[in-house]
Amino acid sequence: MSVSPPSTPTYPPAIEHAVAHIGELLRGDYPLSPRTIALLLLQDDPEIWDEVQAQESASTLERIRTLKKELEAAGETPLAWQIEHQRQLWSQQIAAQVTQATRPPRPQTVADWIGWLCMNPWTGFPILALVLYFGLYQFVGVFGAGTVVGLIEENLFGEYINPFVENLVRSVVPWRAIQELLVGEFGVWPLGVPYAIALILPIVTFFFLVFALLEDTGYLPRLAMLIDRAFKALGLNGRAVIPIVLGFGCDTMATVVTRVLETRRERVITTLLLTLTIPCSAQLGVVLALLAAYPLGLALWAGVIALVFLVSGWLAAQVLPGRATPFYMEIPPMRLPSLSNVLLKTLARLQWYFLEVLPLFLIASVLIWVGQLTGLFDLALRVLTPLAQLLNLPAQTSVAFLFGFFRRDYGAAGLYDLHEKGLLTGNDMLITAVVLTLFVPCVAQFLITIKERGWKTALAMFGIAMTVAFGVGFALSRLLSALGVQVG
Amino acid sequence: MRRQTRAKPTVLIVGNPNVGKSVLFHKLTGRYVTVSNYPGTTVEISRGLMRYRGREFVIIDSPGMYSLTPITDEERVARRILLRDRPDLVLHVIDAKNLARMLPLTVQLMETGAPVVVVLNMMDELERAGLSIEVDALAQQLGAPVLPTVCLSGQGVDAVKELIYERLAAIHADLPARD
């Protein structure tokens, strides 16, 4: 076999220049070519740095560090990433040149077939719609958030546990303010415990169960491949599917899970999309309750939210510097889920939920108590009421908006009463649902966003969500009346 | 360096996990195998002897590695063998179905200046996936020999032995083979 000299990729000129320069500077005796040593130094390889530090003079080391710093300052992405990216491009090129299809790839088994159908755009999107309808809407929404929550919240907590705790506190604690803090209308107990345990917990349990099932069958990586191209336009890649899908269960957890993304840019875009557009299971429950009687309203709501998702993601990708990173993922075979795996994963996530999110709801109920006591809420309502009126909504809806920040379902009951009295039309319900979905994150998600992204980013997202929510609500209200659309 | 003190030519097998490295190792070495921990670690490496045409070659099976910039202990050991023990030939075993994902490591190996031979394994699965690879064109592009194999069935393994012999019999030719 005749073979030409080894050929390796050429890196961007700035890197090649630095590699040549470092290669000339090296004086020591190394087991590797100067080129490889230089490349590994640029990639911050600790072992090679140790070796070079042992063998080179202080001035040489200083010059290498300066060269590396200049190179890092000039590029957008880490050097190691640029080098690896070039290798991958080069590899893909060669692989494409020498590989031919002898026949169209044919799935081998039934499982392969299903897997292939999930990734093919023509069949993949309809399958996604089915998964969302049955998995999310029917199982988590109707059964979990409706039937099961109804049983636990109304019967168990409403009739037995809550009255018992209230009586106990009122008879044991003598001070009125403390009684209010604990079991008052907006106290720690009624807002924190039944909300977190009777309402959110069953919903996220059902959601985590579905999520673990999808994970274990091998559907999620296929969904990631299916969505990858669309997500590129939003500055993301297929990997972002995992936090985004989790967001439909709990946006707070999804915000933590953005850690799986590679760059800060992707994490910021994903956090923004979660804050703004992805309704968590509790929000979905509220929206379904509001719009159950209006199928057209429900469809319009979904359309508006999807549009805001795409536009805000696209805009964020334009504004934030950097590029979408390429996406590689092992696609495991499709298989029947193993029950023990699914239960184990669900339990692990529930444990996380208990430890991380539940305390935040208790903090939130203390905040509500403080807000009530100090009149801060009245102040906030004075800001929100004109905004609600701008959308042609009754002033009382602003209460629902304010409490939407603390607990998603709280406003829903009040809105429902307004609707019964004929004060809210179908159009008003649609606009309220859209504003409630886009409106600020819940308090737990906000606190996690501060922790994960920092104060400034979190506050900026709060502001953006506020502006977009009322902006879109306003545009929608004008558009509906201009077009004369009545959803019910 | 080590090269002068070593009696037999050494071949190192490297590659991602689950590409057939160990199968190739056993096909090349047969029963002359010792398994030991790499000094200072708990990572096991296998060394074996390959006898071919009256000569002996040391074959080392390295732990799986994805990249030359190590993340796991296994990768660190694989790299240390490559860099410190300086094998006379490096067999990079790759999964032919996933060529594009395997080549970045080939590049990194070639960049070290090591003499690399690409073992294009799992050719049967490639065919089943409805694909084919022009082996000569790939060798031309890489500037390194490429040998197609199906290590599980043994197909192509003789060609690997032959290439090792051709490349390495000249080295240490002054040392007689023990038999």
Side-chain angles (χ1 to χ4, degrees), chain A residues 1-11 19 29-48 51 79-81 83-109 112 116 326 328-331, chain B residues 1-3 16 18 66-70 76 79-80 82-86 94 96-118 120 125-147 159 162-163 166:
Chain A
M1 198 182 323
S2 86
V3 163
S4 49
S7 61
T8 48
T10 312
Y11 298 102
V19 164
D29 178 27
Y30 299 105
L32 295 169
S33 67
R35 180 180 166 81
T36 301
I37 296 278
L39 281 169
L40 287 170
L41 288 177
L42 292 181
Q43 293 172 82
D44 265 331
D45 188 291
E47 271 182 55
I48 299 297
E51 185 118 346
L79 289 176
W81 190 85
I83 291 170
E84 187 52 32
H85 181 59
Q86 197 61 33
R87 282 187 191 129
Q88 280 168 359
L89 281 182
W90 183 89
S91 301
Q92 282 165 1
Q93 251 169 31
I94 290 193
Q97 277 171 28
V98 302
T99 311
Q100 275 114 28
T102 49
R103 54 174 169 71
R106 189 155 23 99
Q108 296 300 304
T109 61
D112 286 348
W116 181 81
Y328 302 95
M329 193 181 233
E330 298 257 355
I331 300 287
Chain B
M1 291 193 67
R2 303 276 300 260
R3 192 169 290 198
N16 286 26
N18 305 319
Y66 284 105
S67 156
L68 207 58
T69 20
R76 215 160 281 132
R79 189 171 88 155
R80 222 166 276 168
L82 181 73
L83 304 190
R84 307 248 181 267
D85 299 357
R86 312 242 40 207
I94 68 182
K97 306 189 296 300
N98 290 311
L99 188 59
R101 272 203 286 125
M102 302 279 146
L103 287 180
L105 181 57
T106 319
V107 170
Q108 288 178 299
L109 292 169
M110 292 195 303
E111 278 175 347
T112 67
V116 177
V117 170
V118 174
L120 197 58
E125 291 184 20
L126 179 80
E127 197 191 323
R128 234 177 291 144
L131 297 168
S132 76
I133 290 175
E134 287 175 57
V135 175
D136 288 345
L138 179 60
Q140 207 68 36
Q141 290 278 6
L142 294 174
V146 177
L147 299 172
E162 185 63 33
L163 185 102
E166 264 174 38

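Not measured: the values here are computed from a predicted model. A note on names: the letters A, B, ... follow the listed sequences, proteins ahead of strands, and every chain is numbered from 1.
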Worksheet item: Out of curiosity, A:Thr8 OG1 to B:Leu109 CG, how far, rounded to the nearest 0.5 Å?
Response: 12.0 Å
Which of [options] touches chain A most, by non-hydrogen pairs under 4.5 Å:
options: B:Ile133, B:Thr112, B:Leu99; result: B:Thr112
options: B:Ala100, B:Pro104, B:Ser132, B:Gly113; result: B:Ser132
options: B:Leu138, B:Asn98, B:Thr106; result: B:Leu138

Discussion item. Between A:Leu32 and chain B, with a heavy-atom cut-off of 4.5 Å, which part of the residue counts as in contact: side chain, backbone, both or neither?
Written reply: both
Discussion item. With a 4.5 angstrom heavy-atom cut-off, is it the side chain or the backbone of A:Ile83 that approaches chain B, or both, or neither?
Written reply: neither
Worksheet entry | Shortest non-hydrogen separation from A:Ala95 to B:Leu103 and the atoms involved | N-CD1, 4.4 Å
Item to complete: Please determine, among A:Ile48, A:Leu39, A:Val98, A:Ile94, the option with the most heavy-atom pairs under 4.5 Å with chain B.
Response: A:Val98
Worksheet item: Listed by chain and number, what are the side chain to side chain donor-acceptor pair (under 3.5 Å) partners of A:Arg87, not counting sequence neighbours?
Response: A:Tyr11, A:Glu84, B:Glu111
Discussion item. Run A:Gln93 and B:Gln141 through side-chain contact (heavy atoms from CB on, under 4.5 Å) and show every step you take.
Written reply: CA-CA 10 Å; A:Gln93 251 169 31; B:Gln141 290 278 6; over 6 Å; no
Worksheet item: Can you tell if the side chain of B:Leu83 reaches within under 4.5 Å of the side chain of A:Glu51, non-hydrogen atoms only?
Response: no
Worksheet item: Which residues pass the salt bridge (Lys or Arg N to Asp or Glu O under 4.0 Å) test with A:Arg35, sequence neighbours left out?
Response: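 In terms of salt bridge (Lys or Arg N to Asp or Glu O under 4.0 Å), with neighbours along the sequence ignored, A:Arg35 is linked to A:Glu16.
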